[in-house]
Amino acid sequence: MKELITDHTIEIIKNSEDFLSNITLLHQHNGVSIYDISFSSDIMFQPEKVTLQWKIPAINVKGVWKPTTDFAKRIMDDWELEHMESRISVDSPVISLFGHDDKNTITFACSDVIHTTELNALYREEDNYIYCQLSFFVEKHRTIKDYKTQLRIDQSDQHFSESLKGVVIWWEQFQNLIPTYVPDLAKVPVYSTWYQFHQKLDPTVLIEECKIAASLGYELMILDDGWQTKDENRGYDYTGDWYPERIPEMANFVRDIHKTKMKLALWYSVPFCGKKSAAYQKFTGKFLTEEHRWAPVFDPRYPEVRSYLINLYAQALKQWDIDGFKLDFIDEFKVYPTTILTKENGRDFSSVNEAVDRLMMDIRKALYVIKPDVVIEFRQKYTGPAMRKYGNMFRAFDCPGDSVMNRVRITDIKMLSGDTAVHSDMITYHRDEPIELKALQLVNILFSVPQLSILLKTATEEELSMIQFYTQYWKRNSSIFLDGRFKPYRPLANYPILKSSSDKKTIIGLYDTTVIDFEEETPLIDIINGQINTEVIISSFKYYGEYNCTIYTCLGERQKEYPIQITEGVLQIKVPPCGLVQLERVQKSE
């Protein structure tokens, strides 16, 4: 039996006596406990770090899941000092410990997703317990009189992904965390300019690329960095003004893109104001820092700064008739060493995080008035529950050419994103790679919305056939990939098996040499052979019946069709590298 948490086991660790701390158990049911946490004083006080700590026996703990640990899901020891930080635009305040059977050991989360917290779960060798920690006021903080939040602890016996889903549903119930609307445009395949063009953008070439992309099934182009400047140094010296210097006839360019049947979203680095911009002179003294390695950072606590940024995006939407935005680097809005946390000298907020919340909410409202189905993309790590209020597309952080990392990041984002559309990082590859290895980049991202950054005009016919086959396959099955019952397996092994299912169909992604434990009751089953090996091995503990089995290559060529029996035991199916197996259960007549 698990040792369940009670309200008497949470220790409060603090050095200050300037405020009172209180923990109250609100609810406890089916292994889930919810606590009210409050810190208060009769007078204004300067908060100092407070840590809540409790322990559980280290029984059936295989690894520790955090929102952006990537490949590092191992157990950490209590002498390791690095903690996970969460705030409005960085990660999410949740940690899940999973067992050797992928079951939930403990998942804990905080309801305050706006302000900065630190979380950890650490192994103590002296007693073989896991010590769970949640810390508040870990950075310089404004003076307050009270602070309230909630803590949710889940020790239920279920797959760890289901415990994370429970946290998502819990967050969505808070009035200040209701996710924004997700339009259909957020769920279409995307062509991105970044990896192929970087800042060297040629409008004529881009229009031709869109024509090819549209023929393959892509419906939205993200025009990344470079449209606003002729500077090609990959820096941010000219950000802040956002004049379309490289594409001066932007409205005409957008119309030409629309004629290709593609929509268009523009990239903006929201916080940066380069020292060579006119905006830098206009907003002197209204930066969070001027010592950032890339560019000065706007201070969103000034209402005129927020108005300026909001107007930039609203005017772009109205004047150029674009369809969406890639709003980048939101995480650089933060407290810097020189940041003064007071409401004075024209600032109407003292808290940076609260000002970011106001800015992003006002951006969303202003854009929705103009175009209700506008898409707004955010990039990991700013893909947490607060960001779901403003954005409807969350993309995996940059990992060019890394199919495994792309899959891992997609999976980690999906488990915390509810119905917000989760996108892959843009796939790219060396032009001389064999077609099966090129396909590896695409099949690893199918459980998200595909993003592509390939120079299509130089692609071979074989390449285009592969891209079209899997893009069209994804579009036919997008409701299952995006909205189906999603289950990732073996997080510490980088999710070698992913499954998503509806009532009628199950799709299994196999990404390593491992056995699929067959337990599918749906009449249709697809198995994506996301590896270069040619064997798909199925193990079953009971008789499932006869199926028609069809094998496809990564080019969409039907290679073989034959009947198989799935019965108790092991079955091997020979599949081309990055090929597809489709199983359809044979209905027996009475």
Side-chain angles (χ1 to χ4, degrees), residues 1-17 21 23 25 31-33 35 37 39 47-87 90-113 115-141 149-156 160 163-164 167 381 384 408 412 416 490-494:
M1 290 290 291
K2 289 182 179 178
E3 182 180 315
L4 294 179
I5 300 297
T6 71
D7 55 323
H8 301 296
T9 61
I10 300 179
E11 179 185 5
I12 301 174
I13 303 171
K14 66 174 185 174
N15 294 322
S16 174
E17 299 301 324
S21 307
I23 303 174
L25 179 63
V32 177
S33 303
Y35 297 88
I37 311 295
F39 308 112
E48 295 185 15
K49 183 178 179 179
V50 183
T51 297
L52 307 185
Q53 179 174 275
W54 64 98
K55 65 179 182 177
I56 63 168
I59 298 172
N60 191 27
V61 180
K62 185 177 183 179
V64 179
W65 186 96
K66 300 172 186 175
T68 53
T69 42
D70 293 338
F71 296 153
K73 293 179 170 66
R74 65 172 180 86
I75 298 169
M76 291 177 62
D77 300 295
D78 67 346
W79 39 263
E80 298 184 71
L81 301 179
E82 185 176 342
H83 300 291
M84 186 195 95
E85 179 187 282
S86 172
R87 53 187 165 87
V90 172
D91 279 342
S92 307
V94 59
I95 287 179
S96 181
L97 279 67
F98 54 88
H100 296 272
D101 51 2
D102 285 358
K103 291 286 188 70
N104 172 57
T105 300
I106 187 170
T107 298
F108 61 96
C110 180
S111 66
D112 182 1
V113 306
H115 301 98
T116 304
T117 55
E118 285 183 348
L119 298 88
N120 224 330
L122 302 169
Y123 194 102
R124 182 170 295 179
E125 59 193 59
E126 284 82 0
D127 59 8
N128 299 310
Y129 272 74
I130 297 286
Y131 285 75
C132 302
Q133 299 177 356
L134 170 61
S135 298
F136 305 92
F137 315 130
V138 295
E139 65 180 3
K140 185 169 58 173
H141 198 284
T149 188
Q150 288 187 5
L151 168 66
R152 186 182 192 271
I153 300 175
D154 179 356
Q155 291 185 276
S156 59
F160 85 100
S163 290
L164 290 174
V167 172
K381 291 182 173 182
V408 169
D412 287 342
L416 289 184
R490 296 168 56 193
L492 207 55
N494 300 325

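Basis for what follows: all heavy atoms, side chains included, without hydrogens, waters or symmetry-related copies. Just so we're clear, the structure is a prediction, and the values are computed from it rather than from any experiment.
- Aromatic ring pairs are classed by plane angle as parallel below 30°, tilted from 30° to 60° and perpendicular above 60°; the pair Phe108 and Trp54 is perpendicular.
- Across Phe136 and Cys110, no two heavy atoms sit closer than the pair CE2-SG, 4.0 Å.
- Taking a cutoff of 4.0 Å between a charged side-chain nitrogen and a carboxylate oxygen, Asp78 and Lys55 do not qualify as a salt bridge.
- Exactly one residue among Lys49, Met84, Glu82 makes a side-chain contact (heavy atoms from CB on, under 4.5 Å) with Glu118. That residue is Lys49.
- Thr149 has its side chain out of reach of Leu151: every pair of non-hydrogen atoms, C-beta onward, lies at least 4.5 Å apart.
- Here the OG1-NE2 distance, from Thr51 to His83, works out to 7.5 Å after rounding to the nearest 0.5 Å.
- When the side-chain contact (heavy atoms from CB on, under 4.5 Å) test is applied to Ala493, the partners found at least two apart in sequence or on another chain are Arg490, Pro496.
- For the pair Pro67 and Val94, the tightest heavy-atom approach, listed with the atom from each and the gap, is CD-O, 3.5 Å.
- Using a 4.5 Å heavy-atom cutoff, the side chains of Ser92 and Val113 are not in contact.
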Apply side chain to side chain contact (heavy atoms under 4.5 Å, CB included) to residues Leu164 and Trp65 and explain how you reach the verdict. CA-CA 10 Å; Leu164 290 174; Trp65 186 96; 3.8 Å; yes

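- For the pair Leu25/Ser33, a side-chain contact is recorded, criterion being any heavy-atom separation below 4.5 Å from C-beta on.
- Annotation for Leu97 and Ala121: closest pair CD1-CB, 3.5 Å, computed over non-hydrogen atoms.
- Distance check: Leu122 CG to Glu80 CD gives 7.5 Å after rounding to the nearest 0.5 Å.
- No side-chain heavy atom of Ile95 sits under 4.5 Å from any side-chain heavy atom of Cys132.
- The two residues Pro47 and His141 come nearest to each other via the heavy atoms CG-ND1, 3.7 Å.
- Side-chain contact check for Arg152 versus Val167: some heavy-atom pair is nearer than 4.5 Å.
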Steps toward side chain to side chain contact (heavy atoms under 4.5 Å, CB included) verdict (Lys73, Val408): CA-CA 11 Å; Lys73 293 179 170 66; Val408 169; 3.8 Å; yes

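- Put simply, the side chain of Ile12 reaches to within 4.5 Å of the side chain of Val50, judged on heavy atoms.
- The line from OH of Tyr129 to CZ of Arg124 is 12.0 Å long, rounded to the nearest 0.5 Å.
- A 6.0 Å sphere centred on CG of Asn15 holds no more than 12 heavy atoms belonging to other residues, nucleotides or ligands.
- The structure places OG1 of Thr116 at 5.5 Å from CD of Glu85, a figure rounded to the nearest 0.5 Å.
- Contact annotation: the side chain of Phe98 never approaches that of Val61 to less than 4.5 Å [non-hydrogen atoms, C-beta and beyond].
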May I have the step-by-step check of side chain to side chain contact (heavy atoms under 4.5 Å, CB included) for Gln155 and Ile56, ending in yes or no? CA-CA 10 Å; Gln155 291 185 276; Ile56 63 168; 3.9 Å; yes

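- No side-chain donor-acceptor contact under 3.5 Å links Asp77 to the backbone of Trp79.
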Audit row: Thr68, Asp412, side chain to side chain contact (heavy atoms under 4.5 Å, CB included) steps and yes/no: CA-CA 7 Å; Thr68 53; Asp412 287 342; over 6 Å; no

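- To the nearest 0.5 Å, the span separating NZ on Lys381 from CG on Asp91 amounts to 5.0 Å.
- Going from atom CD1 of Ile130 over to atom OG1 of Thr105 covers 9.0 Å, rounded to the nearest 0.5 Å.
- Defined by atom type and a distance below 3.5 Å, a donor-acceptor pair is present between the side-chain atoms of Asn104 and Ser163.
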